[in-house]
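Heads up: the structure comes next, in structure tokens.
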Amino acid sequence: MMSYLWGGMILIGIVYAAFTGNLESVTDAAIQSAQDAVTLCITMMGVMSMWVGLMEIAKEAGIVERLSRILGPALHALFPGVPKRSKAEEYISLNMIANILGLGWAATPAGLNAMKELDAIRDIRGLPAGVATKDMCNFLILNISSLQLIPVNLIAYRSSYGSKNPAGIIAPAILATLFSTVVAIVFICILNRFSKERRRVGK
């Protein structure tokens, strides 16, 4: 769907530029955008390489494991269907830690693995295939809210586009993502409560 949307927007832009005599501007913009994209990718590659490397060091040093234990009680409350010390819990913890550090790209593999493990748990329990479980929905909601203490991606974007103070986004980002995460947690708690009540009624 998104491919059709973007393709349609590009096609409409080209046709409009042709009719208004601005086709040359579209060509220049396309070339400049390609150059900016390459510059941005190089900048992001350096930043992400550094932070992903630090994450690996933290993982080998046992820091990630300790943080996972700290997050354990909260994860058990938010994901009641996930067994303790399971692979799913490990990947969820890793995803949350990476998101908190602002490493959205580094968090993606952990998030995908977490979903695979949650899907395996669903199969073990004999739940219908192709339907998201409550824990899957909870994880997606929490992942989207994404509390960030250091918005690395945004800082890198601002730096690549010549911002005089790339790190100036840190305080607003913390406040915005903290609020969104609190709302997500409250919503998940309400959802968990509602589900328990429905199971009781069903019995």
Side-chain angles (χ1 to χ4, degrees), residues 1-2 5-6 40 43-44 46-48 50-52 54-55 58-59 63-82 84 86 88-119 121 131-198:
M1 183 62 185
M2 291 300 297
L5 179 62
W6 284 108
L40 179 61
T43 302
M44 293 300 297
V47 173
M48 293 305 299
M50 181 189 73
W51 282 101
V52 171
L54 288 175
M55 279 291 292
K59 192 174 180 180
I63 297 174
V64 173
E65 183 180 353
R66 292 173 188 171
L67 291 174
S68 298
R69 289 178 182 175
I70 294 173
L71 291 173
L75 293 180
H76 299 156
L78 295 173
F79 305 99
V82 176
K84 295 182 180 180
S86 63
E89 184 182 87
E90 178 184 339
Y91 285 127
I92 291 172
S93 298
L94 190 58
N95 175 268
M96 291 180 63
I97 292 169
N99 274 328
I100 289 172
L101 294 176
L103 306 175
W105 291 353
T108 300
L112 293 175
N113 287 327
M115 277 296 186
K116 289 179 181 178
E117 292 298 328
L118 291 173
D119 188 56
I121 292 173
V131 179
T133 63
K134 182 182 65 176
D135 289 321
M136 287 180 175
C137 294
N138 290 350
F139 175 63
L140 185 60
I141 293 168
L142 194 61
N143 188 63
I144 291 172
S145 68
S146 186
L147 171 64
Q148 293 187 8
L149 298 180
I150 309 173
V152 176
N153 291 356
L154 287 177
I155 292 173
Y157 289 143
R158 286 165 61 85
S159 177
S160 66
Y161 284 106
S163 172
K164 294 182 179 179
N165 184 20
I169 195 71
I170 291 179
I174 290 175
L175 290 175
T177 57
L178 178 62
F179 178 78
S180 65
T181 302
V182 169
V183 171
I185 291 174
V186 171
F187 180 80
I188 289 172
C189 290
I190 294 173
L191 186 65
N192 287 346
R193 173 85 178 183
F194 180 71
S195 296
K196 289 178 182 178
E197 288 177 352
R198 288 196 63 180

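Fair warning: this is a prediction, and the values are worked out from it, not measured in the lab. Computed over heavy atoms, backbone and side chain alike; hydrogens, waters and symmetry mates excluded. Residues: numbered from 1 along the sequence shown.
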| query | How long is the gap from OG1 on T181 to CD1 on I174, to the nearest 0.5 Å? | reply | 11.5 Å
| task | For N113 and Y91, indicate whether the former's side chain and the latter's backbone hold a donor-acceptor pair under 3.5 Å. | result | no
| If you round to the nearest 0.5 Å, how far is CE of M96 from CG of L142? | 4.5 Å
| message | Please report the interatomic distance CG(D135) to CD1(I188), rounded to the nearest 0.5 Å. | response | 9.5 Å
| request: Taking the side chain as every heavy atom from C-beta outward, state whether F139 and V82 have any pair of such atoms under 4.5 Å apart. | output: no
| Is any side-chain heavy atom of T177 closer than 4.5 Å to a side-chain heavy atom of S180? | yes
| request: Determine yes or no for a side-chain-to-main-chain donor-acceptor pair under 3.5 angstrom, with R158 supplying the side chain and A167 the backbone. | output: no
| remark: Rounded to the nearest 0.5 angstrom, the CD1-OG distance for I169 and S163 is 9.0 Å
| query | Heavy-atom distance under 4.5 Å between the side chains of N138 and L78, does that happen here? | reply | no
| Minimum heavy-atom separation for L140 to M115, with atom names? | CB-CE, 4.3 Å
| Going from CD1 on I141 to CG on L191, what distance comes out if it is rounded to the nearest 0.5 angstrom? | 6.0 Å
| said: Would you say that F79 contacts L118 through its side chain, given a criterion of any heavy-atom pair below 4.5 Å between the two side chains? | reply: no
| Minimum heavy-atom separation for S93 to L75, with atom names? | OG-CD1, 3.0 Å
| Considering only heavy atoms from C-beta outward, does the side chain of E89 approach that of E117 to under 4.5 Å? | no
